[in-house]
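Remarks on the structure that follows.
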Amino acid sequence: MAYRTKTYLAAEWDGDNDAIEQLHKWKKSKYWSLTFTDAHDLTQARDSSLNCSIKSSLANRLDSSKTFVLIVGSNTKTVRNGSCQYCSCYNSWTKACSRGKNVDYRSYIEYECAKAIRDDLKIVVLYNAASVNKNKCPEIIKNVGLHKAMCYYENGTCYWDYQTVKNALDE
């Protein structure tokens, strides 16, 4: 097993890509001092992979991570991507996998959260908003880790909150 040195970023990528991109901008910037090694740089599963293959790839990345960061947005709690019932190998009559794999009805996000908790990773939950709304957070991680908003309002304008994010990741 690899040493746990990476930071694992989890999110509903379609809806919260802006927040992930902002973390990477802060990381690449010469002005900001946000540093982390993204676990997703290790291996990538192809989009055409089976859900169980993708979860196996996610597990490998989580195994080398010491910090788990979940970006919570509007759809994080309800997204179902990754559940076996949406895989082409799932037989809805027998409720079994045609490839003989174990059936897992959890979404990728639910799977990632459960593994991060089970592996006792440092957990940081960042809300893609100006406030923390735990009703949008998956139940399994709702009361675990540090929860912070990624944005703030000033004079009616919403800004990314670099210092809050940096402090959360550094704690």
Are any of the side-chain heavy atoms of [X] and [Y] separated by less than 4.5 Å?
X	Y	answer
V165	L169	yes
P138	I109	yes
D14	V79	no
K101	V103	no

Once you round to the nearest 0.5 Å, how far does [atom1] of [X] lie from [atom2] of [Y]?
X	Y	atom1	atom2	answer
L58	Y111	CG	OH	7.0 Å
N91	C97	CG	SG	9.5 Å
L23	L126	CG	CG	6.5 Å
I71	Q22	CD1	CD	10.5 Å
K142	K136	NZ	NZ	12.5 Å
K122	E171	NZ	CD	7.0 Å

Can you give me the closest heavy-atom contact between [X] and [Y], atom names plus distance?
X	Y	value
R99	C89	NE-SG, 3.3 Å
A129	A149	O-CB, 3.4 Å
A114	R106	CB-NH1, 3.5 Å
G15	N128	O-ND2, 4.4 Å
C113	L70	SG-CD2, 3.8 Å
N102	C84	O-SG, 4.2 Å

(request) Describe, in one word, how the ring planes of F68 and Y8 are oriented to each other, choosing from parallel (under 30°), tilted (30 to 60°) and perpendicular (over 60°). (result)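 Parallel, since the angle between the ring planes stays under 30°.
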(message) I'd like to know if K55 and E112 make a salt bridge, using a cut-off of under 4.0 Å between side-chain N and carboxylate O.
(response)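 E112 and K55: not salt-bridged.
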(message) Please enumerate all residues that pass salt bridge (charged side-chain N to carboxylate O under 4.0 Å, His left out) together with K25, with sequence neighbours excluded.
(response)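 With neighbours one apart ignored, the set is empty.
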(message) So, applying side chain to side chain donor-acceptor pair (under 3.5 Å) with Y127, which one of H147, K148, K134 is it?
(response)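 Going through H147, K148, K134 one by one, the side chain to side chain donor-acceptor pair (under 3.5 Å) with Y127 is satisfied by H147 alone.
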Given 3.5 Å as the limit, does a donor-acceptor pair link the side chain of [X] with the main chain of [Y], or not?
X	Y	value
T164	D161	no
N133	N135	yes
N75	T78	no
S57	S53	no

(request) For R80, enumerate each residue passing the side chain to side chain donor-acceptor pair (under 3.5 Å) test, keeping only those at least two apart in sequence or located in another chain. (result)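 Testing R80 for side chain to side chain donor-acceptor pair (under 3.5 Å), a comparison that skips the adjacent residues, returns E110.
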(request) Check step by step if side-chain contact (heavy atoms from CB on, under 4.5 Å) holds for Y152 and W160. (result) CA-CA 7 Å; Y152 67 93; W160 292 109; over 6 Å; no
(message) Checking C137 against V125 for the side-chain contact (heavy atoms from CB on, under 4.5 Å) test, could you report, in this order, the C-alpha distance in whole Å, the side-chain angles of both residues, the deciding distance, and whether it holds?
(response) CA-CA 9 Å; C137 189; V125 181; 4.3 Å; yes
(message) I'd like to know whether N81 forms a side-chain contact (heavy atoms from CB on, under 4.5 Å) with Y86, so could you lay out the CA-CA distance, the side-chain angles of the two residues, the decisive distance to 0.1 Å, and finally the verdict.
(response) CA-CA 7 Å; N81 293 349; Y86 301 113; over 6 Å; no
(message) The test is side-chain contact (heavy atoms from CB on, under 4.5 Å); show your working for Q85 and S92 and say whether it passes.
(response) CA-CA 7 Å; Q85 65 201 35; S92 60; over 6 Å; no
(message) side-chain hydrogen bond (donor to acceptor under 3.5 Å, both in side chains), that's the test. Do Y105 and Y90 meet it? Break it down for me.
(response) CA-CA 11 Å; Y105 294 110; Y90 178 74; 2.8 Å; yes
